[in-house]
> 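Mind having a look at this structure? Questions to follow.
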Amino acid sequence: MSDNTWYESRLYFDPEQEGEDLGFLHPDDLYKQHQWVWRCFAESDLTQADFMFRVDMALPVPTVFIRSKRQLKEAIQSWKVTTQIKENQFETQGLVQFSLRANPTVDITPKGEKTRRHDVLMHAKKQAQYANSNVNEAVDVAAKAWLDKKLKKGGLEPLMQCIEFSNYKQHKVEKKEGVRLIQLSTLDYFGVAKVADEEKLKQVLQTGIGRSKAFGCGLLLIKPL
């Protein structure tokens, strides 16, 4: 398979099949989601760089989106699986509808201190409170500015009047008992963008956007309009 192709899979939960329940895909347990998706592949030498995923339990049928360099197992118990081999072919001036679950972060370096990573929304909220300004407006601006920067870096020009975000959540991920918790936030974005740089878009579709890809973030889903 060339560098410009990948496997695009969608897994739809089928309650009529016997097998696993949905416990491993609980929206508040990102590590179990990660473990479950890992088991969908047969290869023992799989690495995190080989795939990205997103679990969406809010759809009428629970769905798992997986983009990968490797094929999934032929059958996954309790799930209907559809897989296509995709190629990055888009018209340079075309419009796309996009969806993204992200972990928006920003690195801040206070004078004389070490760089610290902050949740974009919480940082904007605290800054607005400190300045006694409108918190909701500050959060809205910060969330959209983060997305705007990331999409432009990935070859897309977002139509800002069409951007929406929702489902903000803070998570504490426990990989092993006794090990320090991993704290992160997730936010779902939806909108429309113009393809400005086809090569950059090809790259970001395979590498994702932002951090925490191991926990279901970063997978950019697009559909030509």
Side-chain angles (χ1 to χ4, degrees), residues 1-12 30 33-34 37-38 40-43 45-56 59 63-73 76 81-107 117 120 143-165 167 184 186-225:
M1 182 177 293
S2 76
D3 291 338
N4 291 329
T5 59
W6 64 80
Y7 293 103
E8 194 87 8
S9 301
R10 295 192 180 192
L11 287 67
Y12 303 97
L30 303 186
Q33 290 184 10
H34 166 85
V37 172
W38 196 281
C40 292
F41 295 90
E43 293 90 339
D45 60 342
L46 185 74
T47 70
Q48 184 57 55
D50 290 327
F51 70 95
M52 291 179 289
F53 73 95
R54 173 175 169 178
V55 175
D56 201 329
L59 295 175
T63 304
V64 181
F65 303 89
I66 302 176
R67 182 173 298 147
S68 58
K69 297 177 182 177
R70 309 190 188 208
Q71 267 187 307
L72 302 180
K73 293 177 180 177
I76 299 172
V81 181
T82 64
T83 299
Q84 295 180 321
I85 297 178
K86 290 281 189 176
E87 296 186 4
N88 319 4
Q89 294 179 344
F90 301 99
E91 301 214 358
T92 304
Q93 300 301 318
L95 290 175
V96 295
Q97 186 177 39
F98 71 85
S99 173
L100 171 71
R101 175 164 297 155
N103 168 219
T105 62
V106 59
D107 290 338
R117 185 168 299 149
V120 165
K144 291 179 179 178
W146 182 89
L147 179 70
D148 181 56
K149 180 179 179 180
K150 295 295 183 181
L151 290 185
K152 286 179 177 176
K153 188 176 180 181
L156 291 175
E157 288 284 348
L159 306 186
M160 298 308 293
Q161 69 274 21
C162 300
I163 304 301
E164 297 181 8
F165 62 88
N167 200 29
L184 65 125
T186 57
L187 185 66
D188 292 346
Y189 288 100
F190 311 90
V192 176
K194 179 181 178 181
V195 179
D197 189 315
E198 186 177 336
E199 291 305 314
K200 287 182 179 180
L201 178 57
K202 290 177 181 179
Q203 182 68 22
V204 81
L205 286 172
Q206 296 186 68
T207 59
I209 291 178
R211 303 182 183 278
S212 301
K213 298 180 183 69
F215 300 121
C217 298
L219 174 60
L220 178 64
L221 301 173
I222 65 172
K223 181 173 68 174
L225 292 177

> Under the salt bridge (Lys or Arg N to Asp or Glu O under 4.0 Å) test, which residues partner K150, sequence neighbours left out?
none
> Looking at every non-hydrogen atom in both residues, tell me the closest pair between A143 and V120 and how far apart they are.
N-CG1, 4.3 Å
> Please check if atom CD in Q161 has more than 12 non-hydrogen atoms from other residues, nucleotides or ligands closer than 6.0 Å.
yes
> Rounded at 0.5 Å granularity, tell me how far CD1 in I85 sits from CD in Q71.
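Separation between the atoms: 6.5 Å.
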> Can you find a heavy atom in the side chain of L184 that is under 4.5 Å from one in the side chain of L30?
yes
> Taking all heavy atoms of W146 and all of N103, pick out the closest pair and write down the distance.
CZ2-O, 4.1 Å
> Taking atom OG1 of T207 and atom NZ of K200, what is their separation to the nearest 0.5 Å?
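If I round to the nearest 0.5 Å, the distance is 12.5 Å.
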> Find the distance between CZ (F41) and CG (L72) and round it off to the nearest 0.5 Å.
5.0 Å
> Walk me through it: do L201 and V96 pass the test side-chain contact (heavy atoms from CB on, under 4.5 Å)?
CA-CA 11 Å; L201 178 57; V96 295; 5.6 Å; no
> Restricting to salt bridge (Lys or Arg N to Asp or Glu O under 4.0 Å), what partner residues turn up for E157, sequence neighbours left out?
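Here no residue qualifies.
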> Under the side-chain contact (heavy atoms from CB on, under 4.5 Å) criterion, do K144 and F165 qualify, and how do the steps go?
CA-CA 8 Å; K144 291 179 179 178; F165 62 88; 4.1 Å; yes
> Measure the CZ-CD distance between R10 and Q84 for me, rounded to the nearest 0.5 Å.
8.5 Å
> Side-chain contact, heavy-atom cut-off 4.5 Å: R54 with D188?
yes
> What is the distance from atom NZ of K194 to atom CG of L151, rounded to the nearest 0.5 Å?
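Reported to 0.5 Å precision, the distance equals 15.0 Å.
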> Quick one: which of Y189, F190, F65 gives a side-chain contact (heavy atoms from CB on, under 4.5 Å) with S99?
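Testing each of Y189, F190, F65 against S99, the sole residue satisfying side-chain contact (heavy atoms from CB on, under 4.5 Å) is F190.
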> Measure across I76 and L11 and return the closest heavy-atom pair with its distance rounded to 0.1 Å.
CD1-CD2, 3.6 Å
> Going through the distances and angles, do I66 and T83 end up as a side-chain contact (heavy atoms from CB on, under 4.5 Å)?
CA-CA 9 Å; I66 302 176; T83 299; over 6 Å; no
> What residues, two or more places apart in sequence or in another chain, satisfy salt bridge (Lys or Arg N to Asp or Glu O under 4.0 Å) together with K153?
none
> Quick check: does any side chain N or O of R67 sit under 3.5 Å from a backbone N or O of L220, one acting as donor and the other as acceptor?
yes
> For R101 versus V55, what's the shortest heavy-atom pair and its separation?
NH1-O, 2.6 Å
> Over all heavy atoms of both residues, which pair between A102 and C217 is shortest? Give the atoms and the distance, please.
C-SG, 4.0 Å
> Using 0.5 Å steps for rounding, measure from the CG atom of L147 to the CD atom of E164.
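So the CG of L147 and the CD of E164 are separated by 12.0 Å.
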> Which pair of heavy atoms, one from A193 and one from P158, lies closest together, and at what distance?
CB-CA, 3.7 Å
> For Y12 and T82, run side-chain contact (heavy atoms from CB on, under 4.5 Å): C-alpha distance rounded to whole Å, both residues' side-chain angles, the deciding distance at 0.1 Å, then the answer.
CA-CA 8 Å; Y12 303 97; T82 64; 4.0 Å; yes
